[in-house]
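Positions are given from 1, in the same order as the sequence printed here.
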Amino acid sequence: QVHFVESGGGLVQSGGSLRLSCAPSGFTLDYYDIGWFRQAPGKEREGVSCISSADSSTYYADSVKGRFTISRDNDKNTVYLQMNTLTPEDTAVYYCATYEPEKSGFTCLDDYAMDYWGKGTLVTVSS
(Lines give C-alpha, C1' and ligand atoms only; values in the text may rest on other atoms or scores of the structure.)
Protein backbone atom coordinates (compact mmCIF):
# COMPACT_ATOMS: atom_id res chain seq x y z
CA GLN A 1 0.00 0.00 0.00
CA VAL A 2 1.32 3.41 -0.96
CA HIS A 3 1.88 5.86 1.85
CA PHE A 4 4.53 8.04 3.47
CA VAL A 5 6.43 7.87 6.72
CA GLU A 6 7.23 11.22 8.29
CA SER A 7 9.83 11.71 11.01
CA GLY A 8 11.78 14.42 12.75
CA GLY A 9 9.07 16.10 14.76
CA GLY A 10 9.43 16.95 18.41
CA LEU A 11 9.42 19.68 21.00
CA VAL A 12 11.51 22.77 20.34
CA GLN A 13 11.71 26.23 21.84
CA SER A 14 10.59 29.28 19.94
CA GLY A 15 13.35 30.37 17.59
CA GLY A 16 14.66 26.86 17.23
CA SER A 17 14.91 24.54 14.24
CA LEU A 18 13.81 21.09 13.18
CA ARG A 19 14.25 19.04 10.05
CA LEU A 20 11.43 16.80 8.99
CA SER A 21 11.89 13.82 6.71
CA CYS A 22 9.37 12.17 4.44
CA ALA A 23 10.03 8.75 2.96
CA PRO A 24 7.59 6.84 0.78
CA SER A 25 6.54 3.27 1.25
CA GLY A 26 5.61 1.37 -1.84
CA PHE A 27 6.96 3.68 -4.53
CA THR A 28 9.85 5.93 -5.48
CA LEU A 29 9.65 9.70 -5.41
CA ASP A 30 11.25 10.43 -8.77
CA TYR A 31 8.08 11.26 -10.70
CA TYR A 32 6.01 12.79 -7.94
CA ASP A 33 5.56 16.32 -6.69
CA ILE A 34 5.70 16.18 -2.91
CA GLY A 35 3.93 18.50 -0.53
CA TRP A 36 4.16 19.21 3.17
CA PHE A 37 0.95 20.07 4.97
CA ARG A 38 0.14 20.82 8.56
CA GLN A 39 -2.86 20.84 10.83
CA ALA A 40 -2.84 22.79 14.06
CA PRO A 41 -5.29 22.01 16.86
CA GLY A 42 -8.71 23.35 16.00
CA LYS A 43 -7.64 24.53 12.56
CA GLU A 44 -8.00 23.29 9.03
CA ARG A 45 -5.16 21.56 7.31
CA GLU A 46 -3.03 23.88 5.21
CA GLY A 47 -0.35 23.51 2.57
CA VAL A 48 3.08 24.53 3.80
CA SER A 49 5.50 23.77 0.99
CA CYS A 50 5.92 21.56 -2.03
CA ILE A 51 8.60 20.56 -4.48
CA SER A 52 8.17 19.49 -8.07
CA SER A 53 9.49 16.31 -9.60
CA ALA A 54 10.42 17.89 -12.92
CA ASP A 55 12.94 20.50 -11.84
CA SER A 56 12.68 20.64 -8.05
CA SER A 57 10.86 23.97 -8.17
CA THR A 58 9.73 24.91 -4.70
CA TYR A 59 6.63 26.64 -3.38
CA TYR A 60 5.86 28.00 0.06
CA ALA A 61 2.93 29.33 1.99
CA ASP A 62 3.39 32.99 2.90
CA SER A 63 3.49 32.09 6.58
CA VAL A 64 6.70 30.07 6.20
CA LYS A 65 8.55 31.87 3.40
CA GLY A 66 12.09 32.69 4.39
CA ARG A 67 11.99 30.27 7.34
CA PHE A 68 11.28 26.85 5.83
CA THR A 69 13.18 25.10 3.07
CA ILE A 70 11.98 22.03 1.21
CA SER A 71 14.39 19.74 -0.60
CA ARG A 72 14.44 16.30 -2.11
CA ASP A 73 17.08 13.62 -2.46
CA ASN A 74 15.89 11.13 -5.03
CA ASP A 75 18.88 8.88 -4.38
CA LYS A 76 17.75 8.53 -0.78
CA ASN A 77 14.10 8.57 -1.82
CA THR A 78 13.42 11.23 0.79
CA VAL A 79 12.01 14.75 0.96
CA TYR A 80 13.04 17.12 3.74
CA LEU A 81 11.55 20.18 5.34
CA GLN A 82 14.08 22.33 7.16
CA MET A 83 12.22 24.58 9.57
CA ASN A 84 14.04 27.51 11.13
CA THR A 85 12.99 30.35 13.42
CA LEU A 86 10.05 28.33 14.64
CA THR A 87 7.25 30.03 16.53
CA PRO A 88 4.38 28.62 18.60
CA GLU A 89 2.14 29.26 15.57
CA ASP A 90 4.05 26.51 13.77
CA THR A 91 2.82 23.93 16.27
CA ALA A 92 0.94 21.29 14.29
CA VAL A 93 0.99 17.78 12.96
CA TYR A 94 2.97 17.85 9.74
CA TYR A 95 2.12 15.52 6.89
CA CYS A 96 3.66 14.83 3.53
CA ALA A 97 1.54 13.87 0.58
CA THR A 98 1.47 13.48 -3.15
CA TYR A 99 -0.90 12.96 -6.05
CA GLU A 100 -0.91 10.81 -9.13
CA PRO A 101 1.30 12.52 -11.74
CA GLU A 102 -1.35 12.52 -14.49
CA LYS A 103 -3.68 14.75 -12.50
CA SER A 104 -3.89 18.51 -13.10
CA GLY A 105 -5.96 21.59 -12.32
CA PHE A 106 -4.64 22.38 -8.87
CA THR A 107 -1.45 23.37 -7.11
CA CYS A 108 0.73 21.07 -5.06
CA LEU A 109 -0.34 23.01 -1.95
CA ASP A 110 -3.99 22.01 -2.44
CA ASP A 111 -4.59 19.24 0.06
CA TYR A 112 -7.87 18.13 -1.53
CA ALA A 113 -5.94 16.95 -4.58
CA MET A 114 -3.55 14.68 -2.73
CA ASP A 115 -3.94 10.93 -3.14
CA TYR A 116 -1.38 9.52 -0.73
CA TRP A 117 -0.60 10.65 2.79
CA GLY A 118 1.51 9.78 5.77
CA LYS A 119 0.32 9.61 9.37
CA GLY A 120 2.15 12.78 10.28
CA THR A 121 4.74 13.91 12.77
CA LEU A 122 3.99 16.28 15.63
CA VAL A 123 5.88 19.54 15.95
CA THR A 124 5.44 21.46 19.16
CA VAL A 125 7.03 24.87 19.60
CA SER A 126 7.09 26.25 23.11
CA SER A 127 7.18 29.97 23.85
Do [X] and [Y] sit in the same hydrophobic cluster, where Ile, Leu, Val, Met, Phe, Trp and Tyr count as joined when their side-chain heavy atoms come under 4.5 Å apart?
{"X": "I51", "Y": "F68", "result": "yes"}
{"X": "Y80", "Y": "V48", "result": "no"}
{"X": "Y60", "Y": "V123", "result": "yes"}
{"X": "L20", "Y": "L29", "result": "yes"}
{"X": "Y116", "Y": "M114", "result": "no"}

Has [X] got a side-chain atom pairing as donor or acceptor with [Y]'s backbone, closer than 3.5 angstrom?
{"X": "S52", "Y": "S57", "result": "yes"}
{"X": "R67", "Y": "T85", "result": "yes"}
{"X": "T91", "Y": "V125", "result": "yes"}

Within the structure provided, determine whether [X] and [Y] are in side-chain contact (heavy-atom separation under 4.5 Å).
{"X": "S126", "Y": "V12", "answer": "no"}
{"X": "F27", "Y": "N77", "answer": "no"}
{"X": "W36", "Y": "V79", "answer": "yes"}
{"X": "D90", "Y": "R38", "answer": "yes"}
{"X": "Y59", "Y": "C108", "answer": "yes"}
{"X": "P101", "Y": "Y32", "answer": "yes"}
{"X": "L81", "Y": "Y94", "answer": "yes"}
{"X": "L86", "Y": "L18", "answer": "yes"}

- Query: Rounded to the nearest 0.5 Å, how far apart are CG of D30 and CG of D75?
  - Reply: 8.5 Å

- Item | Inter-residue atom distance Q82.CD - S49.OG, 0.5 Å rounding | 12.0 Å

- All pairs passing side chain to side chain donor-acceptor pair (under 3.5 Å) where residues 5-27 contributes a residue, at least two apart: S17-N84

- Task: Indicate whether any N or O donor in one side chain lies under 3.5 Å from an N or O acceptor in the other, for D33 and S53.
- Result: yes

- In terms of ring plane angle, is the pair Y95 and W117 parallel, tilted or perpendicular, where the classes change at 30° and 60°? perpendicular

- Task: If the plane angle is over 60° it's perpendicular, under 30° parallel, otherwise tilted; pick one for Y99 and F106.
- Result: perpendicular

- Task: Verify the neighbour count for atom NZ of K103: are there more than 12 heavy atoms of other residues, nucleotides or ligands below 6.0 Å?
- Result: yes

- Item | Heavy-atom pair with the smallest gap, counting every atom of C50 and G35 | CB-CA, 3.7 Å

- Closest non-hydrogen atom pair, F4 against C22: CD2-SG, 3.3 Å

